[in-house]
Asks: 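A single structure is presented below for examination.
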Amino acid sequence: MESVPSNTITKRNDEGNNEEAITNHKPSKLPKIAINASRSRGELKLIQHLVEKNKGFGWKMAYGLEGNVMWSGMAIPWEETYIACEMHLNRIPGAADISEKKLTGFYLNKFQEYFPENYDFYPKTFLLPENTQELQEYMKSNPNKTFIAKPTAGCQGDGIILFKKFQDLPSSPYSNAFKDIVVQEYIDNPLLIRGKKFDLRMYVLISNVKPMIAFLNEEGLARFCTKDYQKPNSSNLRDLYMHLTNYSLNKLSPNYKYTEECIEINEGTKRTFTSFWKSVEKEGYDKNKIMENIKDLIKKLLISLEPYLQFSYNVAYEGKDDGKCFHVLGIDILLDDELKPWLLEINANPSMCIDFEEHSDEKKKPVSVICPVDLFVKEKVMEDAILISRKKPAKQKELTKYGSFELIYNGEGSSDYGMAIFKEILEIFGKLSGAKFKTGLTSGKFIKLASLPNMTSSGLTKADYDILYKKLVQNSADKQMDFATFVQALETLAEKLIKDMNATNKNQHMSVFIHSILSNL
């Protein structure tokens, strides 16, 4: 195994709090851990490094079905989630779904509809082809705005474009014209550091699902554009090195700057938070204010994800609490010039790779070397994620801080953000699906709603339920109704069945309807 610098090791006391950075100093106490790397991919070198670093404490590699922690580099199929009954698994069922751009867009758009005062951190978003007409009308009434289009199946910046006119929106390289594309209003007033746009990769650990417990890492990566920023215009609209912060794109730029500096201010295209925050404070900005705003965003985001993740967990483990799952999410944040954070994307499989391809004139092929910046950040993320997640949930909730992670959500306070209604919708979905939770409803199970009191009328018959079901699932691969589609179905039914009521907003309207269903189901 390639040797790795050891100057990033941090001393911890028994509570897991950082005390001081000491080269080659080992923590005073660690549990014995066998990391199963059978399904590891790009993160294998980081796993090997952690095992080597902590071998004196009994850490070792494992394969097959041995070990007490499995770190998989890919999503685990639903039928194989039993693995998390045998060992701790870094994959929560359903987490991969929430990073799919179109599904993320659907949920966050819904939360903006129901709770506009709380979910204002997501750019105005249109899902194509469903929202094609709405996009055209919005662009017509806002002719000076710029928009960014992302294929929902794309990654690493592939297929992303900026545009100002609807006719400039091309068909997706991944599918037919306008299918599965997410279009967002472009944030054209980003905060700049020395003239360049950047985004922040935050690492969030969901250490437990029921109850949901989550931590935010103090480290992360600031990814910079490689050209000075200008507001989008006809001459620079296609200059991706100016407008897109994707590291996979900017590392190909002739202006890309590689750095090995992890502590002090530098000009690297990818920087640690330790270095980045020094640059922020040098520019005169308040780091604490920025972080408070970011933490508020992430907490609201986690609360919005909680119902879906708990539902998926119930599907995988049939309503039992058998799974020992945890998950590290990559949350990408953009700051505007008023220090307001904006959610760009959720990545359910953030890279834990610590390699960098070094090019030289002497060698035709690039040489893979360890990148100190990636190691500095990701060593903390992976090691502390494993240590926290192996603790009992009750102990996790008591950890306001452990190592590089800070507790950000412990399952409390979701009612303050109105999430009760979505939990109730999930409860209805689960009851309709039967004794065992399912990911989709068949037509027969959905139409059970029509047999409940007050769920039909002269304008809405049982036959109309069947028509509605077929209309909503016509584009699904398995012709079943998933949870997102079920929400749409209930909204349609509520609109048809509840006419005369004193509801001031959509949330109140749906709450009355949902409570009526639950009382009779």
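Because only heavy atoms are used, hydrogens play no part in the values below, and waters and symmetry mates are left out as well, while side chains stay in. Note that the coordinates shown come from a computational prediction; the quantities given were computed from them, not determined experimentally.
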Asks: Identify the residue among K270, R271, R223 that makes a salt bridge (Lys or Arg N to Asp or Glu O under 4.0 Å) with D199.
Replies: R223
Asks: For a ring-ring contact (aromatic ring centres under 6.0 Å, His included) with F422, tell me which candidate from F429, Y114, F483, Y308 qualifies.
Replies: Y114
Asks: Verify the distance criterion only: is there a donor paired with an acceptor across the side chains of N266 and S275 at less than 3.5 Å?
Replies: yes
Asks: Which residues satisfy the side-chain contact (heavy atoms from CB on, under 4.5 Å) test with S40, sequence neighbours excluded?
Replies: A37, E43, L44, I47
Asks: So if I apply the salt bridge (Lys or Arg N to Asp or Glu O under 4.0 Å) rule between E406 and each of K299, K295, K401, which one comes out positive?
Replies: K295
Asks: Using a strict 4.0 Å threshold on nitrogen-to-oxygen distance, state whether E306 and K423 make a salt bridge.
Replies: yes
Asks: Which residues pass the side-chain contact (heavy atoms from CB on, under 4.5 Å) test with E264, not counting sequence neighbours?
Replies: E261, K278
Asks: Please tell me whether T125 and Q184 have a donor and an acceptor in their side chains that are separated by less than 3.5 angstrom.
Replies: yes
Asks: Taking side-chain contact (heavy atoms from CB on, under 4.5 Å) as the definition, give me every residue that meets it alongside L490, ordered by chain and number, with sequence neighbours left out.
Replies: I425, L449, F486, L493, M510, F513, I514, I517
Asks: Kindly state each residue pair satisfying side chain to side chain donor-acceptor pair (under 3.5 Å) with at least one member in residues 337-353, sequence neighbours excluded.
Replies: R91-N349, N189-D337, D336-W342
Asks: State whether the number of non-hydrogen atoms from other residues, nucleotides or ligands found under 6.0 Å of E66 atom CD is greater than 12.
Replies: no
Asks: Return each pair, listed once, that meets side chain to side chain donor-acceptor pair (under 3.5 Å) where at least one residue sits in residues 80-89; pairs must be two or more places apart or across chains.
Replies: R39-E80
Asks: Test ring pair (Phe, Tyr, Trp, His ring centres under 6.0 Å) on Y402 and F215; report intermediate values, then the result.
Replies: CA-CA 9 Å; Y402 185 93; F215 295 79; 8.3 Å; no
Asks: Is it true that a side-chain atom of N36 and a backbone atom of G64 form a donor plus acceptor pair closer than 3.5 Å?
Replies: yes
Asks: With sequence neighbours left out, what residues match S304 under side-chain contact (heavy atoms from CB on, under 4.5 Å)?
Replies: L108, F111, Y119, L301, M419
Asks: Checking K289 against E292 for the salt bridge (Lys or Arg N to Asp or Glu O under 4.0 Å) test, could you report, in this order, the C-alpha distance in whole Å, the side-chain angles of both residues, the deciding distance, and whether it holds?
Replies: CA-CA 5 Å; K289 179 182 178 181; E292 285 306 310; over 6 Å; no
Asks: Can a side-chain donor-acceptor contact be found between N314 and K210 if the only test is distance below 3.5 angstrom?
Replies: yes
Asks: Check R201 with E219, please: is the shortest side-chain N to carboxylate O separation under 4.0 Å?
Replies: no
Asks: Would you find more than 12 non-hydrogen atoms of other residues, nucleotides or ligands less than 6.0 Å from L521 atom CG?
Replies: yes
